[in-house]
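Below, chain A is the first sequence line, B the second, and so on; all start at residue 1. No hydrogens, no waters, no symmetry mates; every other heavy atom, side chains included, goes into these values. As the structure is a computational prediction, the values presented were derived from the model and not from experiment.
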Amino acid sequence: MEYRRLHPWDITPAKARRLQERLRSQLIFANPSPRVRSVAGADAAYDGGKSYGAVVVFSYPELEILEQSLAVREDSFPYIPGLLSFREGPVLLDCFSALGSEPDLLIFDGQGVAHPRGFGLASHLGLLLDRPAIGCAKHRLCGRAGEPGKARGSWTPLLDPEGRASGCALRTRDNVRPVFISPGHKITLEQCRKIILAACAGFRLPEPLRRAHGAASAAADGKAKAVEARSAYSPRKRSSNC
DNA sequence: GCGACAG
DNA sequence: ATCTTGTCGC
């Protein structure tokens, strides 16, 4: 699928923050998509100075794999809290570009609007791909949330310093740590909770993210092991001695 | 200055 | 994210 080239990626952290503040006004938090028939999960893994991305598309609500794509590229931006999309965005967009279909909804391993400038990974890529997007993180970046009830489905609002609910802490499995959900683009928090719960097939994380994570890390250490094996079987050169 | 801090 | 073994529990 195509995506909008709204800005360059090789910019400084200061300019990246300015860009987030400029683009956040373009986000939409309404019009929950009528009929969601496919959901994609995207994640990245790292190894040896390279980023490995994976996107796995599932049918919804059946949750059967429809398609998936992988991508690799050189790291070009470090991990800086609040600027995750500048590190993972490029390789994930490579994955979406290689996709043959256009998923109805996207799920990212990170925040949506529950972000210091209201423009987390899910908001950023949702905007560029012009698709409803949900941020589903394992930890919160900012804001505060009470402890949800112990049962699957219970949740508490994730409140920003002003007391506004930017997302929620959602229990996706009985007695298991909650995940932090927040709308990225073109979706409401209510719809996010519904979709995420329906996409969790017995695990803490939604299936699309679990599979994307597995594919990305497999690609990452798969290449690492291939390199190790190669050096073991065909020594670059024999060191004279010490 | 101090504490927080997605992946 | 990544470095890492066993171990408690359904």
Side-chain angles (χ1 to χ4, degrees), chain A residues 9 13 16-17 20 24 27 41-55 71-95 106-127 133-145 150-152 158-162 166-185 189 192 196 200-206 208-225 227-228:
Chain A
W9 292 94
R17 296 188 182 90
Q20 295 179 316
R24 66 177 173 186
L27 296 177
D43 192 26
Y46 303 86
D47 184 77
K50 290 183 177 179
S51 299
Y52 297 79
V55 168
V72 185
R73 70 151 61 199
E74 212 71 31
D75 283 334
S76 58
F77 202 92
Y79 167 67
I80 297 175
L83 298 181
L84 178 64
S85 62
F86 289 88
R87 176 168 176 67
E88 304 201 337
V91 76
L92 293 185
L93 287 174
D94 285 343
C95 292
L106 316 175
I107 301 178
F108 294 92
D109 190 346
Q111 317 294 334
V113 292
H115 175 280
R117 289 167 292 285
F119 201 72
L121 176 66
S123 296
H124 197 157
L125 296 193
L127 179 65
I134 299 174
C136 179
K138 296 181 291 300
H139 304 281
R140 67 182 182 72
L141 206 209
C142 58
R144 232 29 199 176
K150 296 300 183 182
R152 164 190 161 84
L158 176 57
L159 307 172
D160 63 26
E162 292 69 46
S166 56
C168 70
L170 174 66
R171 191 86 66 183
T172 54
R173 279 195 66 182
D174 291 353
N175 297 72
V176 167
R177 290 180 307 157
V179 291
F180 295 82
I181 306 300
S182 63
H185 182 49
L189 177 57
C192 286
I196 293 299
C200 288
F203 295 89
R204 178 162 86 120
L205 299 179
L209 278 189
R210 287 189 68 234
R211 299 305 299 265
H213 185 286
S217 36
D221 65 64
K223 171 154 286 187
K225 288 177 180 175
V227 173
E228 289 176 32

Expected output check: what is the dot-bracket annotation of DNA chain C, where ( ) and [ ] are pairs inside the strand (brackets for crossing ones), | is paired with another strand, and pairs are Watson-Crick or G-U under 3.5 Å? ..........
Identify each donor-acceptor pair in which a side-chain atom of residues 77-91 of chain A lies under 3.5 Å from a protein atom, sequence neighbours left out, and give them as a table.
unit_1, atom_1, unit_2, atom_2, d
S85(A), OG, H124(A), ND1, 2.8
R87(A), NH1, F77(A), O, 2.9
E88(A), OE2, Y46(A), OH, 3.2

By salt bridge (charged side-chain N to carboxylate O under 4.0 Å, His left out), which residues pair with [X], not counting sequence neighbours?
X: R210(A); result: E207(A)
X: R73(A); result: D94(A)
X: R171(A); result: E147(A)

Which part of the nucleic acid, if any, lies within reach of A114(A) when heavy atoms closer than 4.0 Å are counted: base, sugar-phosphate only, or nothing?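 Contact class for A114(A): none.
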Considering every strand and a 4.0 Å limit on heavy-atom distances, what is the contact class for H124(A): base, sugar-phosphate, or nothing? nothing
Hey, are the side chains of [X] and [Y] touching, using non-hydrogen atoms and a 4.5 Å cut-off?
X: D221(A); Y: D47(A); result: no
X: L141(A); Y: P116(A); result: yes
X: L106(A); Y: L125(A); result: no

If a pair satisfies side chain to side chain donor-acceptor pair (under 3.5 Å) and one of its residues is in residues 110-120 of chain A, list it, with sequence neighbours excluded.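 Sorted result for residues 110-120 of chain A: Q20(A)-R117(A).
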Sequence neighbours excluded, which residues qualify as side-chain contact (heavy atoms from CB on, under 4.5 Å) partners of C200(A)?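 Per chain and number, C200(A) pairs via side-chain contact (heavy atoms from CB on, under 4.5 Å) with R152(A), T172(A), I196(A), P206(A).
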With sequence neighbours left out, what residues match C168(A) under side-chain contact (heavy atoms from CB on, under 4.5 Å)?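 So C168(A) forms a side-chain contact (heavy atoms from CB on, under 4.5 Å) with W155(A), L170(A), I181(A), L189(A), R193(A).
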Write out a two-atom table: protein N or O, nucleotide N or O from nucleotides 1-7 of chain B, distance below 3.5 Å.
unit_1, atom_1, unit_2, atom_2, d
dC5(B), OP1, R140(A), NH1, 3.2
dC5(B), OP1, R140(A), NH2, 2.5
dA6(B), OP2, Y79(A), OH, 2.6
dA6(B), O4', Q111(A), NE2, 3.3
dA6(B), N7, G82(A), N, 3.2
dA6(B), N6, G82(A), O, 3.1
dA6(B), N6, L83(A), N, 3.3
dA6(B), N6, L84(A), N, 3.1
dA6(B), N6, H115(A), NE2, 3.4
dA6(B), N1, L121(A), N, 3.1
dA6(B), N3, Q111(A), N, 2.9
dG7(B), OP1, D109(A), OD1, 3.4
dG7(B), OP1, K138(A), N, 2.8
dG7(B), OP1, K138(A), NZ, 3.4
dG7(B), O3', E88(A), OE2, 3.4

Point-to-point distance, once rounded to the nearest 0.5 Å, from CZ of F203(A) to CZ of R211(A):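 If I round to the nearest 0.5 Å, the distance is 10.0 Å.
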OG of S166(A) to CZ of F180(A): how many Å apart, nearest 0.5 Å? 11.0 Å
Anything under 4.0 Å to a heavy atom of chain A counts; send over the first and last such nucleotide of DNA chain C, read 5' to 3'. dA1(C) to dT2(C)
Which pairs pass salt bridge (charged side-chain N to carboxylate O under 4.0 Å, His left out) with one or both residues in residues 134-143 of chain A, sequence neighbours excluded?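 For residues 134-143 of chain A: D109(A)-K138(A).
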Based on Watson-Crick and G-U pairs with both distances under 3.5 Å, what dot-bracket line describes DNA chain B 5' to 3', crossing pairs as [ ] and inter-strand pairs as |? .......
